[in-house]
2 protein chains.
Amino acid sequence: MALEHAILVSLLEQPGSGYELARRFERSIGRFWTATHQQIYRVLRRMEADGWIIAEEVDQGGRPDKRSYSVVGTGREVLAAWLRDPVQPEAVRHELAVKIRGAAFTDDAGRTALVAEVERYRATHEATLARYLTGEVRDFPAAAPLDDQHRLQHVVLRGGIAYERMVLAWLDDVLDTLRGLGR
Amino acid sequence: MALEHAILVSLLEQPGSGYELARRFERSIGRFWTATHQQIYRVLRRMEADGWIIAEEVDQGGRPDKRSYSVVGTGREVLAAWLRDPVQPEAVRHELAVKIRGAAFTDDAGRTALVAEVERYRATHEATLARYLTGEVRDFPAAAPLDDQHRLQHVVLRGGIAYERMVLAWLDDVLDTLRGLGR
DNA sequence: GCCAGCATGTAAGGAGTTACATGATTGA
DNA sequence: TCAATCATGTAACTCCTTACATGCTGGC
């Protein structure tokens, strides 16, 4: 379990409210850890109760008040201890791979539909890669020297880019294979 | 949710018991869908109750009896319908990426420990890649012509191989970055 | 005699998903 | 005025993980 830890890292990078965290999980952090606002609010309350983070009520004039959270000493210690733990093997869930092997047990119409679906899926990954590359030139310009925090963010983003490139190449392989079946 | 579907595909490829399925999930299917035997037994009972699969009691002499499951008409229809559904975006959970960004908020000792942990993690992926490559030459010899089922299994395995190669290259990048911090 | 493997389960608890709910402001 | 965005939640349910449980056989 590491939603707590993902939240600690995000709040250390930049304090913020549950709502802001939810938006970060949709964008940057969502690349490697997904969470909905419901989960986030629940975990934030627990973390506050356990003294890992503290909240500050922020009056925003017109907009609703927000509770901005920051990490305190205990939270830092929890994170440091977790960083020293062994990395758990990831639980892989790749639905498309199941479908591809399932294609052996369907008819021509089903395969044609799957090809169309793989193409649609490929387009979403192409869009993701384009978003990452745009973000990379915006946030990590080659000329500017980076501090540790940004160098680490950059290497994680490079992982996302490498992943998307690998997926796209593999999906081309998949499409070739699907189209070449039954010959 | 697609554990049912992963089981349907596996049982279509080869009928078997809950125990045998659990072993396949540890090996081949586990590359893209993980499940424990507890989950598998529970889902198998539900699938049998819903008439997707049928069980046959097999007396094995010395060893305990087993219930060998096969997919029947309803199960095939469920699978065909599911293959036509859009692929859900994967829920990503990459603990190591969280830790890498977390390394910005720990001390030298913590970073040294993380480097060691990444090296250990890298070794497990190297072993996984070696296993995949061994399996590939064993199961998909270049000379033999393959039927559709095996061509699809092969393209999924190639995806696993591409993934492991990508991960290894990225982990080298991560190690370089971690070692270059604070300079 | 002991361990690994075969074979199937129960139970408890934590995590995650989906649906629903509220109420304000800002911009088109 | 209508939709989008900001901001925070509850409730019900499903799913997944972890721990525990049983009992047999074959090989070292």
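Lettering of chains follows the sequences in order, A, B, ..., and the numbering in each one begins at 1. Atom set for the values below is all heavy atoms of this structure, side chains included, hydrogens, waters and symmetry mates excluded. Since the structure is predicted, the reported quantities are computational estimates derived from the model, not experimental observations.
Separating the CZ atom of B:F25 from the C1' atom of D:dT17 is a distance of 16 Å, rounded to the nearest angstrom. Following rounding to the nearest Å, A:Q88 (CD) and D:dT18 (C1') show an atom-to-atom distance of 12 Å. Between the CD atom of A:E26 and the P atom of D:dA7 there is a distance of 13 Å, given to the nearest Å. The CD atom of A:Q38 sits 12 Å away from the P atom of D:dG9 (whole-angstrom rounding). If you take CG of B:L3 and P of D:dT14, they are 16 Å apart, rounded to a whole angstrom. For B:E90 and C:dG16, the CD to P distance is 16 Å, given to the nearest whole Å. The CZ atom of A:R24 sits 13 Å away from the P atom of D:dC6 (whole-angstrom rounding). Straight-line distance from the CD1 atom of A:I7 to the C1' atom of C:dG16: 13 Å, rounded to whole Å.
When distances are taken from the side chain of B:T36 to each of D:dC6, C:dC6, D:dT17, the shortest belongs to D:dT17. The listed nucleotides are C:dG16, D:dT8, C:dA7; the one nearest the side chain of B:K66 is C:dA7. Of the candidates C:dT8, D:dC6, C:dT17, the closest approach to any side-chain atom of B:R93 belongs to C:dT17. Side-chain proximity of B:Y19 to the nucleotides C:dT8, D:dG9, C:dA15 is greatest for C:dT8.
Looking at which nucleotide of DNA chain C each of B:R42 and B:S68 is closest to, the 5′-most match is held by B:S68. Nearest-nucleotide mapping onto DNA chain C: of B:R23 and A:H37, the residue sitting toward the 5' end is B:R23.
Between A:E48 and A:R67 a salt bridge is recorded (basic side-chain N to carboxylate O distance below 4.0 Å).
Remark: B:Y41 is not in phosphate contact with C:dG9, judged by side-chain N or O atoms under 4.0 Å from OP1 or OP2. For A:R67 and D:dC6, the shortest distance from a side-chain N or O to OP1 or OP2 is not below 4.0 Å. At least one side-chain nitrogen or oxygen of B:R45 sits closer than 4.0 Å to the OP1 or OP2 atom of C:dT10. Close to C:dT8, at under 4.0 Å from its OP1 or OP2, lies a side-chain N or O of B:S17.
Classification of the B:H154-B:F140 ring pair by plane angle, with boundaries at 30° and 60°, yields parallel.
Inspection of the A:T34 and B:R93 side chains reveals an N or O donor paired with an N or O acceptor under 3.5 Å.
In this structure a side-chain-to-backbone donor-acceptor pair under 3.5 Å is missing from B:W52 to B:E77.
Within the 4.5 Å cutoff, the side chain of A:V98 has heavy atoms near those of the B:F32 side chain.
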